[in-house]
Amino acid sequence: MFEFTVHKQDSNSRARTGEIKTAHGSFATPVFMPVGTQATVKALDPSDLEEMHAGIILANTYHLYLRPGEDIVRKAGGLHRFMNWKGSILTDSGGFQVFSLSALRKIDEDGVWFSSHIDGSRHYLTPEKATAIQEALGADIIMCFDECAPYPCSYEEACKAVERTSRWAERCRAAQQRTDQALFGIIQGGTFEDLRRQSAAQICSIDLPGYAIGGLSVGEGKNEMHAMLDTVVPLMPETKPRYLMGVGEPEDLIEGVKRGIDMFDCVLPTRMARHGTAITSSGRLVVRNALYKEDFLPLDLECRCYVCQNYSRAYLRHLVKAGEILAHHLITYHNVYFLVNMMAEIREAIQKEELDIYRSSFYSRYRRNGMGGP
RNA sequence: GGAGGGAUACCCAAGCGGCCAAAGGGGGCAGACUGUAAAUCUGUUGGCGAUGCCUUCGAAGGUUCGAAUCCUUCUCCCUCCA
């Protein structure tokens with residue numbers, strides 16, 4: 001089952017609140033989805049995610065196909081049971097790996113050859129195969145297998161990716177056997193407005209329960225990303241969720257919501273945490289910096305998460321410097337909480353018609369490379 | 001007491017006459033990270049008034065145009081034999 005309902009449309013922007021219902025519960029939108037590529041949000045237990053009210057997480061087709069193999073997940077009773085996550089799950093199709101594993105891959109019309117990053121073995125992924133794997137994994141939302149073009153990229157290259165992505169989207173839909181999974185289409189087009197329009201028209205002409213915007217935040221600037229959203233979102237149906245893939249930073253979430261995005265996912269909070277950086281209301285706080293050696297304040301003075309209630313910057317810095325695994329857990333917990341909570345605040349602001357106020361208040365405190373100080 | 005081996009930058013450790021302010025690790029400091037080949041990657045790590053100068057390779061002397069590298073003495077450490 002899959003249902004999307006819009007609750008409140010902001011009168012000053014394209015922002016809206018809503019709700020998505022899947023067989024694994026419902027969650028409010030706009031939503032931030034933590035990424036758990038290999039059926040685990042790195043360094044967190046599903047109970048942590050529940051505790052911070054994350055309603056949906058991501059996993060990846062390509063990675064789970066290579067290891068442990070989708071059959072094992074299917075035999076385990078599906079991804080939810082396999083990883084003990086009761087909320088909703090979205091699986092990415094492997095389309096992003098077409099981009100990120102470019103050195104190990106070869107694209108043709110039928111599909112993509114990959115050399116496994118694990119053992120070098122050769123694998124062929126097609127729209128049909130990506131769909132079948134996602135059916136075996138059993139997520140609530142599955143994604144069309146797309147071609148995510150790099151940035152920068154020539155017009156011709158971007159155009160080819162758009163057209164191939166459209167043909168592949170049709171094939172994914174045709175390949176669908178299960179009726180209980182929501183298949184989302186993906187709009188491509190690089191940073192070319194006309195290609196974005198073309199892609200939006202083509203993808204949205206396929207009747208699917210949701211649509212995503214892919215191929216952004218791959219190196220283009222914020223302005224270009226915003227311009228693409230302004231181009232594409234108006235061409236997407238209002239009654240379907242709009243998902244901006246792979247984004248983002250706190251400011252990107254606000255800017256995306258304002259431009260009509262309902263769903264986001266990003267590895268940034270989990271990856272940065274493992275690399276020793278916290279996301280706070282005043283900006284990034286590089287926990288390992290010497291500045292925090294004797295700083296006994298919490299990561300974020302305004303944060304109500306478990307970590308900020310119980311641990312100091314000095315202690316977390318110590319854990320990071322000492323290479324202790326708890327550092328990964330605690331900072332990841334905070335970072336994911338921060339974004340999940342931020343989305344809750346944004347929803348509340350939209351509900352109260354105060355998104356602009358929330359936005360300016362956010363920017364008044366947040367500096368991208370802020371020190372996170374009091 | 002005798003015979004060897006060793007002392008190099010914050011630590012470990014290469015270097016054994018000029019291309020050495022000195023390899024490589026570690027540690028320190030800093031930067032990056034946006035549908036995860038990422039507990040990763042990159043830069044930096046003697047001092048300056050800085051396309052050059054000054055001080056450094058246990059200490060002090062010496063040889064040499066030139067020494068971390070060769071010689072002498074000393075100090076300390078290690079191994080083996082008494």
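Bear in mind that the values here come from a model prediction, so they are computed numbers and not experimental data. Letters A, B, ... mirror the listed sequences (proteins, then strands); counts begin at 1.
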**Student:** Say we look at rC76(B) and rG66(B): how far apart would their C1' atoms be, to the nearest angstrom?
**Tutor:** 30 Å
**Student:** Heavy atoms within less than 4.0 Å of RNA chain B: which residues of residues 246-257 of chain A have one? Give them sorted by number.
**Tutor:** G246(A), V247(A), G248(A), E249(A), D252(A)
**Student:** What distance, rounded to whole Å, do you find between the two P atoms, one in rG17(B) and one in rA67(B)?
**Tutor:** 14 Å
**Student:** Please list residues of residues 194-225 of chain A whose heavy atoms come under 4.0 Å from any atom in RNA chain B, ordered by number; otherwise none.
**Tutor:** G215(A), S217(A), K222(A)
**Student:** Output the residues of residues 260-270 of chain A in contact with RNA chain B, where contact means a heavy atom of the residue under 4.0 Å from an atom of the strand; sort by number or write none.
**Tutor:** D265(A), C266(A), V267(A), L268(A), T270(A)
**Student:** Would you kindly give the CE-to-P distance between M272(A) and rU42(B), to the nearest whole Å?
**Tutor:** 20 Å
**Student:** For atom C1', what is the distance between rU64(B) and rU72(B), given to the nearest Å?
**Tutor:** 16 Å
**Student:** Hey, what are the protein-to-nucleotides 37-39 of chain B N/O distances that come in under 3.5 Å?
**Tutor:**
from, atom 1, to, atom 2, distance (Å)
rA37(B), OP2, Q97(A), NE2, 3.4
rA37(B), OP2, S100(A), OG, 2.4
rA37(B), O5', H63(A), NE2, 3.2
rA38(B), O2', R274(A), NH1, 3.1
rA38(B), N7, R271(A), NH2, 2.8
rA39(B), OP2, R274(A), NH1, 2.5

**Student:** Answer yes if the side chains of H334(A) and Y311(A) hold a donor-acceptor pair under 3.5 Å, and no otherwise.
**Tutor:** no
**Student:** Paired with rC76(B): which nucleotide, if any, by Watson-Crick or G-U wobble criteria at under 3.5 Å for both distances?
**Tutor:** rG6(B)
**Student:** Between rA7(B) and rA13(B), how far is it from one P atom to the other, in whole Å?
**Tutor:** 9 Å
**Student:** Can you name the side chain to side chain contact (heavy atoms under 4.5 Å, CB included) partners of S13(A), sequence neighbours left out?
**Tutor:** D10(A), A15(A), K258(A), L355(A)
**Student:** Over all heavy atoms of both residues, which pair between G215(A) and C148(A) is shortest? Give the atoms and the distance, please.
**Tutor:** CA-SG, 3.7 Å
**Student:** Between N60(A) and rG35(B), is there a contact of a side-chain N or O with OP1 or OP2 at under 4.0 Å?
**Tutor:** no
**Student:** Taking RNA chain B as the partner, which of residues 137-169 of chain A come within under 4.0 angstrom of it by heavy atom?
**Tutor:** D146(A), C148(A)
**Student:** Is it true that N310(A) and Y315(A) share a donor-acceptor pair across their side chains at a distance under 3.5 Å?
**Tutor:** no
